[in-house]
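Working notes, beginning with the structure itself.
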Amino acid sequence: MEKKQILLLPGPTPVPPAVLRAMGTPAIDHRGPEFRELLSEVTEGIKEIYQTQNDLLILTASGTGGMEAAVTNFLSPGEKALVVSIGAFGDRFERICRAYDVEPEVLTYEWGTAARAEDVAERLRRDTAGEIKAILVQHNETSTGVLNDLEAISRARGDHPALLIVDAISGLVAADLKTDAWGLDVVITGSQKAFMIPPGLAMLSVSQRAWEAAARCKNRRYYFDLQAAKEFFAKGQTPFTPAVSVFFGLREALKMLRAEGLAAAFARHRLYRDMIRAGVKALGLELLAPDEIASPAVTAVKTPAGLTPRDIRTPLREKYGVVTAGGQGKLSDSIFRFGHLGYVDPTDLVSALAALEMVLAEKGFSVSPGAGVAAAEAVWRRYLG
Ligand SMILES: *Cc1c(COP(=O)(O)O)cnc(C)c1O
């Protein structure tokens, strides 16, 4: 029989049955009145989650398409961007800049640590000529399971004119992000993370300041032309054929999120984080990121000495149906990751910890049976009050 899977990836994430049903809605004319209404409704819903009045555009692309759009619409060839990189997705921003002849200056941090706002402030203070046109940074760095303090980074920018461009692809919905209150010029997200829908859509918010930069921008682009997206949005359309089925799913997911409320969604993701971390620690394993900066969306676990990530992940998947992610880049031989965002629940995490414990015992580690599960349950009980 086909094994039931518990999908604990930092994207794509499990999709609720109601969203799957909505995605089976028969096709509509993407230049007709039904789509106009659908586009307007989901755009308003996403703006609530972004906590913004800025323009919000939806592109048919994976999240990286949104990152590329942010670079090509707001930064010209030869312009300098301050890339704040704490992991693999920070490095991706650097590579996108290079691909479009934008000059990245990278503030690099050890993987597993967070960016320090003081460093950003210090670098901008030295930029007396105003050469830095944008700061590119992750909200949540998925490769290491670290949440950056965006509010502090925004404060560090002060009145320097650089745009603040944020990759919130895995962080939005899982952790608070106040686009307007924190002065975030461009915020990017994707559909397949905490939004609980399949891959296919990237979203970007664009501030007035960012539109002014776009008007001056000389980079090359075609599919990801945000000015065109804005003009079509005014007509209730997108420039090119949108992933209409994913839009139907998005509408349903937004209804679920609105019913839950943002504060409750953040609390739920903190619960997942605390359960997994307590359980993993109780099994004697080490976590990559310290508690103070730990991500509510994904947790990176160090592989114990003598084992490779594959030694743990393969039996987890094949024997127990628990699907985890490996490490990326330089961490690929030393960590594995639990995604816990979107349509996940505490019982999934309890099951995953039970399976992890079985795998460790099979590999000859001394684990006291039930230790991981008990620690996670204690966190869960406190949450339930
Ligand atoms: C998932 C993710 C992306 C985008 O990945 P795609 O595969 O292009 O959707 C970008 N940044 C972060 C932080 C992510 O977690």
Side-chain angles (χ1 to χ4, degrees), residues 6-11 13-14 86-87 111-114 138-152 168 170-177 193-196 257 260-304 312 316 322-325 327 335-360 367-385:
I6 299 178
L7 193 66
L8 295 176
L9 298 178
T13 61
I86 64 166
W111 287 25
T113 67
Q138 270 62 40
H139 176 213
N140 183 72
E141 174 53 65
T142 316
S143 64
T144 59
V146 170
L147 190 70
N148 269 325
D149 186 345
L150 280 186
E151 189 178 9
S170 62
L172 214 74
V173 179
D176 198 11
L177 182 148
K193 310 267 168 122
F195 278 95
M196 312 181 286
L257 288 170
E260 179 181 33
L262 270 184
F266 303 149
R268 173 166 62 84
H269 285 89
R270 285 195 299 271
L271 168 67
Y272 301 160
R273 172 196 67 194
D274 295 345
M275 284 179 70
I276 277 288
R277 292 176 73 83
V280 165
K281 283 183 199 167
L283 292 175
L285 300 189
E286 273 183 63
L287 297 159
L288 179 69
D291 290 342
E292 312 78 65
I293 54 170
S295 164
V298 53
T299 297
V301 182
K302 291 187 188 172
T303 314
I312 294 178
L316 273 180
V322 174
V323 183
T324 58
I335 64 159
F336 63 101
R337 295 173 298 152
F338 288 104
H340 37 80
L341 70 172
Y343 191 59
V344 167
D345 63 30
T347 49
D348 293 333
L349 303 182
V350 169
S351 303
L353 287 164
L356 176 61
E357 184 175 299
M358 305 268 275
V359 169
L360 289 171
V367 287
S368 50
V373 167
E377 276 179 16
V379 172
W380 189 9
R381 262 195 309 277
R382 275 201 301 279
Y383 173 84
L384 292 173

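What you see is a predicted model; the values in this text were computed from it and never measured.
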Worksheet item: From Asp149 CG over to Ile293 CD1, what is the distance, rounded to the nearest 0.5 angstrom?
Response: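 Interatomic distance, Asp149 CG to Ile293 CD1, rounded to 0.5 Å: 11.0 Å.
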
Item to complete: Please round to the nearest 0.5 Å and tell me the distance separating atom CZ of Arg337 and atom CD1 of Ile276.
Response: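 Result: 13.5 Å between the selected atoms.
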
Any side-chain heavy atom of [X] sitting closer than 4.5 Å to one from [Y]?
{"X": "Phe338", "Y": "Leu356", "value": "yes"}
{"X": "Leu8", "Y": "Val322", "value": "yes"}
{"X": "Ile312", "Y": "Thr303", "value": "yes"}
{"X": "Pro10", "Y": "Lys193", "value": "no"}
{"X": "Phe266", "Y": "Val173", "value": "no"}

Worksheet item: Does the side chain to side chain contact (heavy atoms under 4.5 Å, CB included) test come out yes or no for Leu287 and Lys281, once each step is laid out?
Response: CA-CA 7 Å; Leu287 297 159; Lys281 283 183 199 167; 3.4 Å; yes

Worksheet entry | Reference residue Met196; test side-chain contact (heavy atoms from CB on, under 4.5 Å); the match among Leu257, Leu341, Val344 |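 Answer after filtering Leu257, Leu341, Val344: Leu257.
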
How close do [X] and [Y] get, heavy atom to heavy atom, and via which atoms?
{"X": "Ser295", "Y": "Ala297", "value": "OG-N, 2.9 Å"}
{"X": "Ala265", "Y": "His269", "value": "O-ND1, 2.8 Å"}
{"X": "Pro296", "Y": "Leu147", "value": "CD-CD2, 4.0 Å"}
{"X": "Pro304", "Y": "Leu360", "value": "CG-CD2, 4.3 Å"}
{"X": "Gly372", "Y": "Leu353", "value": "O-CD1, 4.0 Å"}
{"X": "Ala300", "Y": "Ile335", "value": "CB-CD1, 3.8 Å"}

Item to complete: For Gln138 and Asn140, indicate whether the former's side chain and the latter's backbone hold a donor-acceptor pair under 3.5 Å.
Response: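 No.
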
Practice prompt. For the pair Glu357 (side chain) and Gly370 (backbone), establish whether a donor and an acceptor sit closer than 3.5 Å, ignoring hydrogens and angles.
Written response: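 Side chain of Glu357 to backbone of Gly370: a pair is present.
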
Fill in: side chain to side chain donor-acceptor pair (under 3.5 Å) partners of residues 271-280, not counting sequence neighbours, each pair once
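Qualifying pairs, neighbours excluded: Arg268-Tyr272, Arg277-Asp291.
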
Discussion item. Does anything in residues 338-348 form a side chain to side chain donor-acceptor pair (under 3.5 Å)? List the pairs, not counting sequence neighbours.
Written reply: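 Pairs touching residues 338-348 that pass the test: Thr299-His340, Asp345-Thr347.
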
With a 3.5 Å cut-off and sequence neighbours excluded, list the donor-acceptor pairs that the side chains of residues 375-383 form with protein atoms.
none

